[in-house]
Q: 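Before anything else, here's the structure in question.
Computed from a predicted structure; not experimentally measured. Note: hydrogens, waters and symmetry copies are ignored here, and every other heavy atom, side chains too, is used. Just so you know, ligand 1 is whichever comes first in the structure, and atom 1 is the first atom listed for that ligand. Numbering of residues begins at 1 and proceeds along the displayed sequence.
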Amino acid sequence: MIQRIELNGPDDFHLHLRQGEQMAAVVLDAAKNSARALVMPNLKIPIRTTAEALAYKDAIVTQVPGTGFEPLMSLYLTDETPKEEVRVAKESGAIVAFKLYPQGATTHSSFGVTNLKGRYGVFEAMEKEGLVLCLHGEVTDPKVDIFDREKVFVDRLLAPLAQAFPGLKMVLEHVTTQEGVDFVVGGGANLAGTLTAHHLWINRNDLLVGGIKPHHYCLPVAKREEHRLALVKAATSGNPKFFLGSDSAPHSVGAKECASGCAGIYTGRHLLAYYAMAFEQAGKLEALADFAGKFGAQFYGLPVSDQKRVLVKKPESVPLDLDYGTEKLVPFRAGETLTWTLEA
Ligand SMILES: [Zn+2]
């Protein structure tokens, strides 16, 4: 039985780090679990320009001196993003992606894109510069059932986009459905998908059965068990189109446990242990290293990290809560005992 796993990197290609004292509360978890992370730009006031991204990167790096943690930056695409920004972003060397949120799809998405066709000039520029387009793959049409929003996004928006831009690298972020998996698998080499740890663990029953579980609420929302199984299969398949993107998204207890609770699950503290357990349960522990440390780097055109993280087979309890600035947050699987521990 495997007792020790050595991972290059790893790289987390989808992470929320917030700002100020909230960032200070979570960024060290990121630096412990990953060598590099693609930091999402959906702050209260989104990161829309290269200058803003560089300042945000500085603020992150300042919090974790001596760790070697490298934030990879992304810009928030809006209806107003000028195509000239793409070249500026590329030349900065710090920005690797633009993030597309359909307006209203999730946390802090009110600045998001309303007209995809209107963005085609920017996509052309990204294709030319080799920057990646990261997609929050859900439609926001109120007539579309929330459990179908990813599937409909793939049909209505992603399929035509992939056809129009066969050379544009695109990542369907946090895939949650069989249909999303199938589209990524069947697409060109320019198309990839990230998979979160929590979507490998929970289905919609974990959210809704036996009392509503606000700490299992995220977007895209967890789907049926058959979809969860499809995600586990994709993650552990060894297909280089799928790689690690945690979407670890901290919210205070108060923001989660209320009448209109925020979407987001905090997996940052024990991230690699959650993935290791999911891979182990699938009997595919040997597939973890490439998923976590190689495939994402390859897709983004980055060298595989020479940093290492080691997981050992040793029980570790997840605390009931963690400090989050002046508040608390509840981590994923709070109070439970995990079977893998990240070596200090
Ligand atoms: Zn996210």
Side-chain angles (χ1 to χ4, degrees), residues 10-19 22-23 26-27 29-30 33-34 36-48 53 56 60 71-78 95-113 132-140 146 149-150 153 158 170-177 180 184 192-202 207 214-223 231 235 242-252 255-256 261-269 271 274-275 296 300 324 329 331-332:
D11 300 314
D12 180 350
F13 278 99
H14 186 132
L15 180 65
H16 297 276
L17 283 178
R18 312 301 187 211
Q19 289 168 286
Q22 297 185 328
M23 174 165 75
V26 299
V27 68
D29 287 345
N33 281 271
S34 56
R36 295 177 293 211
L38 179 60
V39 182
M40 290 294 124
N42 62 333
L43 303 179
K44 279 192 185 106
I45 305 295
I47 302 292
R48 285 166 287 187
Y56 188 30
I60 296 165
L72 306 167
M73 306 311 290
S74 61
L75 295 187
Y76 190 117
L77 190 71
T78 73
I95 293 157
V96 301
F98 277 74
K99 178 70 185 276
L100 188 153
Y101 293 96
Q103 193 174 81
T106 188
T107 307
H108 301 152
S109 61
S110 57
F111 292 82
V113 169
V132 174
L133 177 63
C134 296
L135 301 132
H136 181 104
E138 290 190 291
V139 294
T140 54
I146 190 164
R149 289 182 172 193
E150 180 174 296
F153 179 89
L158 184 54
M170 285 179 253
V171 179
L172 183 60
E173 297 293 324
H174 39 56
V175 182
T176 61
T177 60
V184 170
T194 53
L195 294 161
T196 76
H198 52 277
H199 286 112
L200 300 183
W201 273 97
I202 61 169
L207 172 67
H215 299 291
H216 285 168
Y217 176 58
C218 58
L219 287 173
V221 71
K223 307 296 192 300
L231 306 181
F242 295 101
F243 47 84
L244 192 159
S246 72
D247 197 16
S248 179
H251 290 284
S252 69
K256 294 287 288 176
C262 288
I265 294 180
Y266 188 67
T267 50
R269 174 73 55 99
L271 184 68
Y274 300 131
Y275 278 111
Y300 275 83
Y324 189 49
L329 68 78
F332 187 53

Q: Is there a side-chain contact (heavy atoms from CB on, under 4.5 Å) between His198 and Cys218 once you walk through the steps?
A: CA-CA 9 Å; His198 52 277; Cys218 58; 3.8 Å; yes

Q: Give me the atom names and distance for the closest heavy-atom approach of Tyr101 to Tyr76.
A: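 Result for this residue pair: CD1-CE1, 3.6 Å.
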
Q: What residues, two or more places apart in sequence or in another chain, satisfy salt bridge (charged side-chain N to carboxylate O under 4.0 Å, His left out) together with Asp11?
A: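 Per chain and number, Asp11 pairs via salt bridge (charged side-chain N to carboxylate O under 4.0 Å, His left out) with Arg36.
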
Q: Work out which heavy atom in Pro220 is nearest to a heavy atom in His199; give both atom names and the distance.
A: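 Looking at all heavy atoms of both residues, the shortest contact is O-NE2, 2.9 Å.
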
Q: Return all protein N, O or S atoms below 2.8 Å from the Zn ion (ligand 1), chain by chain in residue order.
A: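 Protein N, O or S atoms closer than 2.8 Å to the Zn ion (ligand 1): His14 NE2, His16 NE2, Asp247 OD1.
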
Q: Search all heavy atoms of Tyr275 against all heavy atoms of Ser246 and return the closest pair with its distance.
A: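 Between these two residues, the closest heavy atoms are OH-CA, 3.7 Å.
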
Q: Return the minimal non-hydrogen interatomic distance between His174 and Gly137, and the atom names on each side.
A: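 Distance-wise, the nearest heavy atoms are CE1-N, 4.5 Å.
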
